Amino acid sequence: MTEPSSESAERDPESVSRFVEHFAAQLVEAGMPRMPSRVFGALLASDAGTLTSAELGEQLKISPAAVSGAVRYLAQVHLVSREREPGSRRERYRVHSDQWYEALTNREAIIKRWEEALREGVASLGADTPAGRRLGETLDFFEFVEKEVVEVMERWRVYRDEKYGR
């Protein structure tokens, strides 16, 4: 099943491909693996926000195994979800409008684990040692960022609701 033909009639597939590859390159530069970056870009560029494995493979010229690995990674970091097509065994992969929020929320849990490890490190190494002070400053940084992210996300929700009527 392909996407509605209005998408291909309205946009040049080569322009879409250039966007996907350019955006993927930016994600790779930020540390995301290349194949998940390309798959994520393709899903973002899709009007429906969903594509099947076959559609992703065809569009990106990659194997089903490459699609599977990329989607597994993206699902783990909460950037895409899997959905079954009604009456079919075929899955569709979807990006949501709140994917960035979900990804940041997931990162908050990771940061909390890092904070706990840093607290243990400060206690183990001694708060007055050079290493303990360095770990303490790192801990303070993560606690600061965590607080700021919570406040930013609250402001984002208000802004989003006003702008997009949610």
Side-chain angles (χ1 to χ4, degrees), residues 1-86 88-115 138 141-142 144-166:
M1 178 176 182
T2 59
E3 293 215 338
S5 60
S6 63
E7 181 172 294
S8 58
E10 293 174 18
R11 293 185 292 187
D12 173 33
E14 192 171 310
S15 295
V16 173
S17 180
R18 274 194 307 273
F19 162 76
V20 168
E21 297 305 326
H22 178 74
F23 188 68
Q26 301 308 307
L27 294 174
V28 168
E29 195 170 304
M32 184 184 282
R34 180 168 161 63
M35 203 55 66
S37 297
R38 293 181 72 217
V39 168
F40 186 64
L43 286 165
L44 280 177
S46 162
D47 281 341
T50 67
L51 293 169
T52 65
S53 178
E55 290 166 337
L56 285 163
E58 181 180 327
Q59 180 179 338
L60 299 173
K61 297 178 179 32
I62 59 176
S63 71
V67 171
S68 178
V71 168
R72 184 173 32 260
Y73 174 90
L74 292 168
Q76 286 174 342
V77 297
H78 304 281
L79 288 174
V80 302
S81 61
R82 298 170 189 246
E83 301 174 352
R84 285 259 188 234
E85 288 186 358
S88 170
R89 292 184 350 178
R90 194 159 66 169
E91 288 185 326
R92 296 189 75 72
Y93 308 111
R94 174 179 299 278
V95 292
H96 298 278
S97 59
D98 62 353
Q99 75 262 3
W100 301 114
Y101 172 80
E102 289 297 325
L104 273 176
T105 300
N106 184 48
R107 292 290 181 239
E108 276 186 79
I110 292 168
I111 289 173
K112 284 216 178 283
R113 291 195 305 269
W114 290 351
E115 288 172 356
T138 303
F141 170 77
F142 282 124
F144 175 83
V145 167
E146 182 182 14
K147 179 180 176 283
E148 291 297 311
V149 166
V150 168
E151 292 173 8
V152 165
M153 294 313 294
E154 288 171 6
R155 289 195 311 271
W156 162 249
R157 283 189 288 276
V158 169
Y159 174 83
R160 179 193 61 195
D161 293 349
E162 288 172 357
K163 184 166 184 169
Y164 297 102
R166 291 188 181 177

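Note that the structure is a prediction, hence the values are computed from the model and not measured. Note that the numbering runs from 1 along the sequence shown for the chain.
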Novice: So, using side-chain contact (heavy atoms from CB on, under 4.5 Å) as the criterion, who are the partners of Pro64 when residues are at least two apart?
Specialist: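 Partners of Pro64 under the side-chain contact (heavy atoms from CB on, under 4.5 Å) test: none.
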Novice: If the condition is side-chain hydrogen bond (donor to acceptor under 3.5 Å, both in side chains), which residues does Arg72 pass it with, not counting sequence neighbours?
Specialist: none
Novice: If I take atom OG1 from residue Thr50 and atom CZ from residue Arg94, how far apart are they, to the nearest 0.5 angstrom?
Specialist: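 It is 5.0 Å, given to the nearest 0.5 Å.
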Novice: To check you understand the geometry: which heavy-atom pair defines the closest contact between Val71 and Val80, and what is its length?
Specialist: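 Result for this residue pair: O-CG2, 4.1 Å.
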Novice: Can you list every salt bridge (charged side-chain N to carboxylate O under 4.0 Å, His left out) pair that touches residues 154-165, not counting sequence neighbours?
Specialist: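 For residues 154-165, and leaving out neighbouring residues, there are no salt bridge (charged side-chain N to carboxylate O under 4.0 Å, His left out) pairs at all.
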Novice: Taking the side chain as everything from C-beta on, heavy atoms only, tell me whether Arg90 gets closer than 4.5 Å to Arg84.
Specialist: no
Novice: Lys61: what forms a side-chain hydrogen bond (donor to acceptor under 3.5 Å, both in side chains) with it, not counting sequence neighbours?
Specialist: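 With sequence neighbours excluded, Lys61 shows a side-chain hydrogen bond (donor to acceptor under 3.5 Å, both in side chains) to no residue whatsoever.
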Novice: Search all heavy atoms of Val16 against all heavy atoms of Ala45 and return the closest pair with its distance.
Specialist: CG1-CB, 4.0 Å
Novice: I'd like to check the ring-ring contact (aromatic ring centres under 6.0 Å, His included) partners of Phe142; sequence neighbours left out, ordered by chain and number.
Specialist: Trp114
Novice: Once you round to the nearest 0.5 Å, how far does CD of Glu115 lie from CD1 of Ile110?
Specialist: 12.5 Å
Novice: Taking salt bridge (charged side-chain N to carboxylate O under 4.0 Å, His left out) as the test, write out the residues that go with Glu151, two or more places apart.
Specialist: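 Lys147.
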Novice: With sequence neighbours excluded, what pairs up with Arg82 under the side-chain hydrogen bond (donor to acceptor under 3.5 Å, both in side chains) test?
Specialist: Glu91
Novice: Report the distance from atom CD1 of Ile62 to atom OG of Ser68, rounding to the nearest 0.5 Å.
Specialist: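 If I round to the nearest 0.5 Å, the distance is 10.5 Å.
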Novice: Could you give the side-chain donor-acceptor pairs of residues 20-31 under 3.5 Å, partners two or more places apart or in another chain?
Specialist:
residue : atom : partner : partner atom : Å
Glu21   : OE1  : Arg38   : NE           : 3.1
Glu21   : OE2  : Arg38   : NE           : 2.9
Glu21   : OE2  : Arg38   : NH2          : 2.9

Novice: With sequence neighbours left out, write down each residue that passes ring-ring contact (aromatic ring centres under 6.0 Å, His included) with Tyr93, or none if nothing qualifies.
Specialist: none
Novice: Do NZ/NE/NH1/NH2 and the carboxylate oxygens of Glu83 and Arg92 come within less than 4.0 Å?
Specialist: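 Salt bridge between Glu83 and Arg92, a charged N being under 4.0 Å from a carboxylate O: no.
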Novice: Please give me the minimum heavy-atom distance between Ala42 and Leu51, naming the atom from each residue.
Specialist: O-CD1, 3.9 Å
Novice: Can you name the residues that form a ring-ring contact (aromatic ring centres under 6.0 Å, His included) with Tyr159, not counting sequence neighbours?
Specialist: Trp156
Novice: Compare all side-chain heavy atoms of Leu60 with those of Met35 and state whether any distance is below 4.5 angstrom.
Specialist: no
Novice: Any ring pair (Phe, Tyr, Trp, His ring centres under 6.0 Å) pairs touching residues 48-73, not counting sequence neighbours?
Specialist: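 For residues 48-73: none.
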Novice: Would you give the length of the straight line joining atom OG of Ser37 to atom CG of Leu74, rounded to the nearest 0.5 angstrom?
Specialist: 8.0 Å
Novice: Quick one: list whatever passes side-chain hydrogen bond (donor to acceptor under 3.5 Å, both in side chains) with Ser53, sequence neighbours left out.
Specialist: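 None.
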Novice: I need the minimum non-hydrogen distance between Gly41 and Phe19, along with the two atoms involved.
Specialist: O-CE2, 4.0 Å
